[in-house]
Number of protein chains: 2
Amino acid sequence: MTATPNPPATPPLPGAADDWLRLDQQICFGLHAASRAFNGVYRVVLKDLGLTYPQYLVMLVLWEHGTLPVKKLGEHLRLDSGTLSPLLKRLETAGLVSRERSARDERSVEVRPTEEGTALRERAREVPRRILAATGFEGDEVRSLSARLHELTTALDRAAASGA
Amino acid sequence: MTATPNPPATPPLPGAADDWLRLDQQICFGLHAASRAFNGVYRVVLKDLGLTYPQYLVMLVLWEHGTLPVKKLGEHLRLDSGTLSPLLKRLETAGLVSRERSARDERSVEVRPTEEGTALRERAREVPRRILAATGFEGDEVRSLSARLHELTTALDRAAASGA
DNA sequence: GGCTATTTGGTTGCGCGCAATTTAATTGCG
DNA sequence: CGCAATTAAATTGCGCGCAACCAAATAGCC
């Protein structure tokens, strides 16, 4: 706390570094809030599909790539088994995927969309349009924003890996 | 990836709507991933402050505004008591904040940074710079990205509220 | 073959994030 | 005043995200 002349109960710090604090808050908090806001919209839109947002992401990957081992799924989604194992178990209970150990490599578990899981794709067709509508953005804006976010993620992952 | 001639075990559906699916995946997944990547960097940077990322956000608000009731805190952070109550209890256990019911309105709980909590701000001073460095972005880029994200959040919140 | 090291998933523990419910205090209206 | 409606927090329940740890299978090396 550096010398202030006036403020409220717990006086805010003044000074040059505060711009950094606010800037920081804007980017990290903005991202945090936007991510949760997206989650909220997906929650509404996916409700009658019986999927949560992360479950929807898993199904998207399976619809696109077909049967995959848990490892590959995790690479696509940037998630590990600690998150995927229980999630996949719930999808299995819901009858949307099957899980069976690979014959070639008994360590690996193949995740396969069931008939029902594959059929669900038809009902999910309209989801993206509804989400895009909710954003009020144009396709081009979305694309450029996505590109920026991808740069960000890459840079942040590298930074976290190198220990700062 | 539209219309491929050769697909794997569970063949992906071809057709026009697939562009939408991919576009959607880019924006929602990109945001999701970026948010988690940020979380990862903050986890590293905040480690020796003994704070998680949401706890850091709470302290940022308290440092800026001083003592606040839980309700106001939630408005700043877009969080409700279901999230804040246990989080604040942990901050209290850590000795960083105190919680006491307001005398004016016994329903309200005032959250106040302790001496220790206020002192922590000094050690947190360098955090924003390190985070910004991790992004590899310029201040202006960050600002414009933040502005976009804020638009997004506003639009998404409105959409979710109006039921789609 | 026998040994260690690596890879793959699963499990546990903890902290969010949020909907739904509960409790207590306050407000508002007749 | 008395009583219903509203408001502020807390609690409960569930799903994700991740670190840490464990077990089984495989690969590699002597």
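Chain A is the first sequence line, chain B the second, and so forth, proteins listed ahead of strands; every chain is numbered from 1. Worth knowing before you read on, the calculation uses all heavy atoms, side chains too, and leaves out hydrogens, waters and symmetry mates.
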Base-pairing assignment for C:dG30 (Watson-Crick or G-U wobble, both under 3.5 Å):
D:dC1
Please report, rounded to the nearest Å, how far the P atom of C:dT26 is from the CG atom of B:Asp105.
5 Å
I want to confirm an ordering. Mapping B:Pro86 and A:Glu110 to their closest nucleotides on DNA chain C, which one lands closer to the 5' end?
A:Glu110
Show every salt bridge (charged side-chain N to carboxylate O under 4.0 Å, His left out) that has at least one partner inside residues 73-91 of chain A, sequence neighbours left out.
A:Lys71-A:Glu75, A:Lys72-A:Glu75, A:Arg78-A:Asp157
Upstream residue (5' side of DNA chain C) when A:Lys47 and A:Arg107 are each assigned their closest nucleotide
A:Arg107
Has the side chain of B:Ser81 got a donor or acceptor that lies under 3.5 Å from a partner of the other kind on the base of D:dA10?
yes
Within this structure, what is the CG-to-C1' distance between B:Leu73 and D:dA8, rounded to whole angstrom?
13 Å
Start with the C-alpha distance between B:Leu120 and B:Leu51, add both sets of side-chain angles, then the distance that settles side chain to side chain contact (heavy atoms under 4.5 Å, CB included), and finish with yes or no.
CA-CA 10 Å; B:Leu120 191 64; B:Leu51 293 176; 3.8 Å; yes
Would you kindly give the CZ-to-C1' distance between B:Arg43 and D:dC18, to the nearest whole Å?
6 Å
If you look at every strand shown and take non-hydrogen atoms under 4.0 Å, does A:Leu84 touch a base, only sugar-phosphate, or nothing?
nothing
Start with the C-alpha distance between A:Arg129 and A:Glu126, add both sets of side-chain angles, then the distance that settles salt bridge (charged side-chain N to carboxylate O under 4.0 Å, His left out), and finish with yes or no.
CA-CA 6 Å; A:Arg129 198 190 324 274; A:Glu126 61 178 296; over 6 Å; no
Measuring to OP1 and OP2 of D:dA10, would you say a side-chain N or O of B:Arg99 lies under 4.0 angstrom away?
yes
How is B:Lys89 classified with respect to the nucleic acid when contacts are heavy atoms under 4.0 Å: base, sugar-phosphate, or nothing?
sugar-phosphate
Output the single nucleotide from C:dG9, D:dT26, C:dA25 whose closest atom is nearest the side chain of A:Glu106.
D:dT26
Hey, can you pull the residues of residues 29-40 of chain A with a non-hydrogen atom under 4.0 angstrom from DNA chain C?
A:His32, A:Arg36
Quick one, B:Glu100 with B:Arg112, criterion side chain to side chain contact (heavy atoms under 4.5 Å, CB included). Give me CA distance, side-chain angles, the key distance, then yes/no.
CA-CA 8 Å; B:Glu100 45 181 319; B:Arg112 178 191 316 275; 4.0 Å; yes
Would you mind classifying the nucleic acid contact of B:Thr83 as base, sugar-phosphate or nothing, using non-hydrogen atoms under 4.0 angstrom?
base
Would you call the rings of B:Tyr56 and B:Tyr42 parallel, tilted or perpendicular if under 30° counts as parallel and over 60° as perpendicular?
tilted
In whole angstroms, how far is the C1' atom of C:dA25 from the CD atom of B:Glu100?
18 Å
If we ignore hydrogens and angles and just use 3.5 Å, is the side chain of A:Ser35 paired with the main-chain N or O of A:His32 as donor and acceptor?
no
Using whole Å, report how far CG of B:Leu77 lies from C1' of C:dG17.
13 Å
5'-most contact on DNA chain D (nearest-nucleotide basis), A:Tyr53 vs B:Lys72, goes to B:Lys72
List the steps, then state whether side chain to side chain contact (heavy atoms under 4.5 Å, CB included) holds for A:Leu68 with A:Glu110.
CA-CA 5 Å; A:Leu68 284 177; A:Glu110 301 284 337; 5.8 Å; no
Which one, D:dG17, C:dC18, D:dA10, comes nearest to the side chain of B:Arg78?
C:dC18
Closest to side chain of B:Val109, choosing from D:dA10, C:dG10, C:dC16
D:dA10
